[in-house]
Amino acid sequence: MVEAAARVEPRRRYGLVHGELGPDHVLVGAGGEPVLIDVEGTMFFDVEWEHVFVRLRFGDLYRSLEVPGLDGARLGLYAWAQRLSLVAGPLRLLEGGFADRRVLEGIVEAQMGWIGAHV
C-alpha cells in the first residue's frame, strides 16, 4: 500500500465525483436527460475514485464507460482502498453474531483474495 501511494503524483485539478455512482443513483427526467440522485457524498476529487467504484459495480460492462487518460497509479491505489473498505462492514457484522456467517465470510474472502493478489 505504501508503494502504491508513493506512485501517486500531486494533482492540481479535480473533477466532480458522485462517490457511489451506479444505475440506482441516476433517474431519467421527463425530457430523457439523466438526473443524479442521492448526492450527499458528491465532492471535488480525483475522477479515478469514481471510475474504480463504477468498475466494481459494473464489472465487464465497465468497458463501455471507460475513458482514456486516467492515472494508472491512482486507479491502483483507489482499487486497493475501496476493496479494503468493502471488507470493513462484513467484519463488523461478523463480530456481532450475524446469522448467515458464510455470506459475510465469502465477501471478506473474495475481497481479501483480490487485495492479496494486487499488493
Check residues 88-106 and write down every donor-acceptor pair under 3.5 Å in which the side-chain atom is one partner and the other belongs to a residue at least two apart or another chain.
| residue | atom | partner | partner atom | Å |
| --- | --- | --- | --- | --- |
| Arg101 | NH1 | Leu94 | O | 3.1 |

Atom pairs and distances, donor-acceptor, side-chain atoms in residues 63-70, under 3.5 Å, two or more places apart:
| residue | atom | partner | partner atom | Å |
| --- | --- | --- | --- | --- |
| Arg63 | NE | Asp60 | O | 3.4 |
| Ser64 | OG | Leu61 | O | 3.0 |

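The minimum heavy-atom distance between Val26 and Pro34, with the atom names listed, is CG1-CB, 3.9 Å. Of all heavy-atom pairs between Val52 and Leu75, the closest is CG2-O, 3.5 Å. Residues Ala81 and Trp49 share a closest heavy-atom pair of CB-CZ3, 4.4 Å.
By the rule that hydrophobic residues join a cluster once side-chain heavy atoms approach within less than 4.5 Å of another member, Val39 and Phe45 end up as members of one cluster. Residues Val8 and Tyr14 do not share a hydrophobic cluster, defined by chaining ILVMFWY side chains whose heavy atoms lie under 4.5 Å apart. Under the 4.5 Å side-chain contact rule for hydrophobic residues, Val35 and Val17 do not share a cluster. A single hydrophobic cluster is not seen to contain both Phe53 and Val47; linkage of ILVMFWY side chains at heavy-atom distances under 4.5 Å, directly or through other members, places them apart.
Scanning for side chain to side chain donor-acceptor pair (under 3.5 Å) contacts around Tyr62 gives His51, with sequence neighbours left out. Taking the side chain to side chain donor-acceptor pair (under 3.5 Å) definition, one finds that Glu50 meets it with nothing, sequence neighbours left out. In this view, Leu16 and Thr42, Phe44 satisfy the side chain to side chain contact (heavy atoms under 4.5 Å, CB included) rule, not counting sequence neighbours.
Summarising the geometry, atom CD belonging to Glu48 is positioned 10.5 Å from atom CG belonging to Leu77; distances are rounded to the nearest 0.5 Å. Expressed to the nearest 0.5 Å, how far NE2 of His25 lies from CZ of Arg57 amounts to 6.5 Å.
Sorted by first and then second residue, the salt bridge (Lys or Arg N to Asp or Glu O under 4.0 Å) pairs involving residues 68-85 (not counting sequence neighbours) are Asp46-Arg74, Asp71-Arg74.
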